[in-house]
Amino acid sequence: MTKLIEPRTLKGFRDYPPELMIPRERLLESARRVYRSYGYAPIDTPALEYAEILLGKGSEETDKQLYRFTDHGGRDVALRFDLTVPFARFAAEHVARLGTPFKRYHMGPVWRGENTQRGRFREFWQCDFDTIGTTSNAADIEVALVINDLMEALGFERFTIRINNRMVLNGLLAELGLADRSKALLIALDKLPKIGRAAVATEMTQKAGVRPEQAERVLALAETAGSNAEVLERLRRDFGGNDTAAVGIARLAELLAVADKAGVPPQRLRLDLSICRGLDYYTGTVYETFLDDLPNIGSVCSGGRYDNLAGLYTRQALPGVGASLGLDRLLAAMEELQLLPKTATPAPVLLVQFEATRLGEYQRLARTLRAEGIGVEVFPEAKKIGSQLQYAERRGFRVALIAGSEEFQQGTWKVKDLARREEHTVPEAGVTAAIRAILQEGTAPR
RNA sequence: GUGGGUGUAGCUCAGUUGGUUAGAGCUCCAGACUGUGGAUCUGGCUGUCGCCGGUUCGAGUCCGGUCACCCACCCCA
């Protein structure tokens, strides 16, 4: 006897049994449908890239979190930590053939070697969509529309898309002569809701090395609160004099106006000047999406405008804007909010194998139903009915079909609504309609 | 990466100041029902007490290490 190897997965890496994989695939399908409806085209890129492609593109933090090693050919390689940086490489490599503007979506796993937490994993999926090759605010606005439609398609009503524009803050910093301190200031500012203004001011003076009155002005900006209209008004009054900030303010204003006109519920979009995001490459609009019922799990869909990212790989200007849906975090949230159905079967109908000698009849009906778009599983053994029904219930089947000698004599089937525990005997011609009726009334949660 | 917490049957947990054969509920499996599943009844299965090592006559219980999960920081999807 050889010694058994303990079956286990790495920290932050997980298996996905059917009851997790089914809602996962459903989310991916919804996202794909929404992206395609806006004209974003699918692409894919390798999981592994040359380390130099990925290093220094996200932030110091993402560099540290990189899964990096030397491959069999002695190459310095790393697993991608997001889909945006590989896309920039992809775009720089293929832009001549693709033409601009170019819109793509990309769904796949990414890896970050950071500490795990609820909704935070080392391997997780992102569902990105981006438009590159244009600086037009129309593209920025479309990102907000897509996020809204995406969340709605996934079945959410109560969520808030928080938006900001880095140009506003950068404009102010330039005016204060603090452009080079932007990063440290952003990090400090990000803590405002957590540690309070006094502590942030201290951190700004000590770590970012700015004067107290400068910190005060930055804080005053971030603390601008109120309705979207009020915030815009105050921004125009206090910072509109700066050219850069003025552009940022104007773009935010247009975004809100267009989204409203396009029919996005107004409470969904909220100006939040404390949203700045840690990734270095963002230069303009930034987005973060929070679930109103579970804000602590973090942003489930984030992104922004990056005007310089592809500049690292090509001299051609490739500005872009887009966002990323955090599939795994969203699923963790949905699980916690009990929005996930308990089904472990992708087919709604179980055809009971009552008499083994009738298998041909069972498979014939099953194929007929499948041809009509109804998923059917034929139970593989002629076990007693009770245990087959129990199997059906446990796996989350909605309907059971039963037929023995009596039914075959009459040319009928028993169609059983498993949730209601009711069954009706119907002629074979009526089976499809009877199943459809049951499937429809119970509108399963997504 | 830093700090804190947790880790006992499939699940939720109990397990007294370290002491002999480690428990409960639920679940599961099999049967009173060989054409019907959430109820009742009867019977039954399950654990290297996360893993490794140390202290001890003796450790689920104490100590060290390690792994995983949870929380906070950090950062982010």
Side-chain angles (χ1 to χ4, degrees), chain A residues 3-4 6-14 17 27 31 58-65 80-84 107-128 147 150 183 186-188 190-191 194-195 199 203 275-280 282 286-291 296-304 322-333 336 350 352-355 358 379 382-397 399-408 414-423 425:
Chain A
K3 195 183 170 199
L4 289 176
E6 188 193 349
R8 54 182 185 155
T9 55
L10 286 165
K11 177 185 177 74
F13 290 71
R14 303 165 303 155
L27 290 201
S59 64
E60 268 181 44
E61 205 56 32
T62 54
D63 281 3
K64 277 192 244 162
Q65 294 171 353
R80 65 186 180 204
F81 61 87
D82 76 359
L83 299 177
T84 305
M107 308 193 291
V110 301
W111 296 269
R112 293 181 195 175
E114 66 178 329
N115 244 342
T116 55
Q117 233 177 78
R118 180 182 56 146
R120 299 179 67 164
F121 311 100
R122 290 184 167 177
E123 176 182 64
F124 58 97
W125 275 55
Q126 293 193 328
C127 306
D128 273 36
I147 294 175
L150 180 58
K183 199 162 152 186
L186 285 175
I187 290 172
D190 198 52
K191 299 177 187 170
K194 288 173 196 158
I195 64 178
E203 183 166 330
I275 296 289
C276 46
R277 311 202 32 76
L279 269 54
D280 298 344
Y282 291 119
V286 289
Y287 317 78
E288 293 200 351
T289 310
F290 293 90
L291 300 176
N296 290 338
I297 204 153
S299 173
V300 295
C301 189
S302 310
S324 177
L325 177 73
L327 185 74
D328 293 277
R329 177 172 291 182
L330 191 63
L331 281 166
E336 184 154 340
L350 180 78
V352 170
Q353 186 179 162
F354 192 6
E355 295 171 3
R358 302 282 191 177
F379 197 80
K383 277 172 72 171
K384 66 178 192 181
I385 290 192
S387 63
Q388 292 192 46
L389 291 176
Q390 196 170 42
Y391 167 88
E393 183 182 32
R394 207 164 283 157
R395 294 292 169 98
F397 283 90
V399 177
L401 290 177
I402 306 168
S405 48
E406 279 178 36
E407 285 76 14
F408 284 114
K414 279 190 170 162
V415 179
K416 181 151 190 158
D417 181 332
L418 287 162
R420 296 190 168 206
R421 313 196 138 215
E422 290 171 1
E423 64 183 19
T425 301

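Each chain gets a letter, A, B and so on, in the order its sequence line appears, and its residues count up from 1.
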Paired to B:U34 by Watson-Crick or G-U wobble criteria (both distances under 3.5 Å) is none
Which value, in whole Å, describes the distance between the C1' atoms of nucleotides B:C11 and B:G7? 15 Å
Across every strand shown, the nucleotide meeting Watson-Crick or G-U wobble geometry with B:U56 (both distances under 3.5 Å) is none
Would you kindly check whether a donor in the side chain of A:Glu114 faces an acceptor in the base of B:A77, or vice versa, at under 3.5 angstrom? yes
* Asked: Backbone N or O of A:Thr116 within a donor-acceptor pair of the A:Arg122 side chain at under 3.5 Å?
  -> no
Any N/O donor-acceptor pair, A:Arg329 side-chain to B:C76 base, under 3.5 Å:
yes
So, does A:Ser299 use its side chain to make a donor-acceptor pair with the main chain of A:Glu288 at under 3.5 Å?
-> no
Item to check | Same-atom distance (C1') from B:G23 to B:C62, integer angstrom | outcome: 23 Å
Walking RNA chain B from its 5' end, the first of A:Leu418 and A:Lys383 to be reached, judged by nearest nucleotide, is A:Lys383
query = Just by modelled atom types, is the A:Pro109 backbone N or O under 3.5 Å from a matching donor or acceptor in the A:Arg80 side chain?
reply = yes
Between CD of A:Gln65 and P of B:C76 the distance, given in whole Å, is 9 Å
Contacts of A:Ser324 meeting side-chain contact (heavy atoms from CB on, under 4.5 Å) (sequence neighbours excluded), chain-then-number -> A:Gln126, A:Asp128
Under a 4.0 Å heavy-atom criterion, the protein footprint on nucleotides 66-72 of chain B, written with B, S and -, is --SSSSB
* For atom P, what is the distance between B:A22 and B:G50, given to the nearest Å? -> 15 Å
Answer with base, sugar-phosphate or nothing: what part of the nucleic acid does A:Leu325 contact at a heavy-atom distance below 4.0 Å? nothing
Atom CG of A:Leu291 and atom P of B:C76 are separated, to the nearest Å, by 19 Å
By the Watson-Crick or G-U definition, both distances under 3.5 Å, B:A39 is matched with none
Find every protein N or O atom lying less than 3.5 Å from an N or O atom of nucleotides 34-36 of chain B, and list the pairs.
unit_1: B:G35; atom_1: O6; unit_2: A:Glu406; atom_2: N; d: 3.0
unit_1: B:G35; atom_1: O6; unit_2: A:Glu406; atom_2: OE2; d: 3.4
unit_1: B:G35; atom_1: N1; unit_2: A:Glu407; atom_2: OE1; d: 2.8
unit_1: B:G35; atom_1: N1; unit_2: A:Glu407; atom_2: OE2; d: 3.3
unit_1: B:G35; atom_1: N2; unit_2: A:Glu407; atom_2: OE1; d: 3.4
unit_1: B:G35; atom_1: N2; unit_2: A:Glu407; atom_2: OE2; d: 2.7
unit_1: B:G35; atom_1: N2; unit_2: A:Lys414; atom_2: NZ; d: 3.4
unit_1: B:U36; atom_1: O2; unit_2: A:Lys416; atom_2: NZ; d: 2.6
unit_1: B:U36; atom_1: N3; unit_2: A:Glu423; atom_2: OE1; d: 3.0
unit_1: B:U36; atom_1: N3; unit_2: A:Glu423; atom_2: OE2; d: 3.3
unit_1: B:U36; atom_1: O4; unit_2: A:Lys414; atom_2: NZ; d: 2.9
unit_1: B:U36; atom_1: O4; unit_2: A:Glu423; atom_2: OE2; d: 3.1

Q.
Give me the distance, rounded to whole Å, that separates B:U6 from B:U16 when you measure between the P atoms they each carry.
A. 15 Å
> Taking the side chain from A:Glu123 and the backbone from A:Phe13, do they hold a donor-acceptor pair closer than 3.5 Å?
Replying inline: no
- prompt: Is the side chain of A:Glu355 donor-acceptor paired with the backbone N or O of A:Ser405 at a distance under 3.5 Å, no angle test?
  reply: yes
Paired to B:C26 by Watson-Crick or G-U wobble criteria (both distances under 3.5 Å) is B:G10
To the nearest angstrom, the CD-C1' distance between A:Glu393 and B:G37 comes to 6 Å
In whole angstroms, the gap separating C1' of B:A77 from CZ of A:Arg80 amounts to 14 Å
All heavy atoms of A:Leu150 vs all of A:Ala31, minimum pair found to be CD1-CA, 3.5 Å
| Pair of N/O donor and acceptor under 3.5 Å linking B:G38 base with A:Arg421 side chain | yes
Atom CZ of A:Arg112 and atom P of B:C74 are separated, to the nearest Å, by 17 Å
To the nearest angstrom, the CD-C1' distance between A:Glu288 and B:C76 comes to 9 Å
Check for a donor-acceptor pair, side chain of A:Gln388 on one end and backbone N or O of A:Gln353 on the other, with a separation under 3.5 Å.
yes
Rounding to an integer number of angstrom, what distance separates B:G10 and B:G5 when you compare their P atoms? 28 Å
Rounded to whole Å, CZ of A:Phe124 lies from P of B:C76 at a distance of 11 Å
Please give the distance between the C1' atoms of B:G18 and B:G60 as a whole number of Å. 10 Å
For B:U2, the nucleotide meeting Watson-Crick or G-U wobble distances (both under 3.5 Å) is B:A72
| query | Across the strands shown, which category fits A:Ala419 at heavy-atom distances under 4.0 angstrom: base, sugar-phosphate, nothing? | reply | base
- Message: Let's go through A:Lys11 and A:Asn115 carefully: what are the C-alpha distance in whole Å and the side-chain angles of both, what is the deciding distance for side chain to side chain contact (heavy atoms under 4.5 Å, CB included) to 0.1 Å, and is it a yes or a no?
- Response: CA-CA 9 Å; A:Lys11 177 185 177 74; A:Asn115 244 342; 3.5 Å; yes
When the C1' atoms of B:C28 and B:G37 are compared, how many Å lie between them, rounded to an integer?
15 Å
Here the distance between atom P of B:A77 and atom CG of A:Leu27, to the nearest Å, is 18 Å
Next on the checklist: With rounding to the closest Å, how many angstrom separate the P atoms on B:A9 and B:C51?
Outcome noted: 10 Å
When you compare the side chain of A:Asp82 with that of A:Arg112, does any pair of heavy atoms fall below 4.5 Å? yes
Short side-chain to backbone donor-acceptor contact, A:Glu407 and A:Gly404, under 3.5 Å:
yes
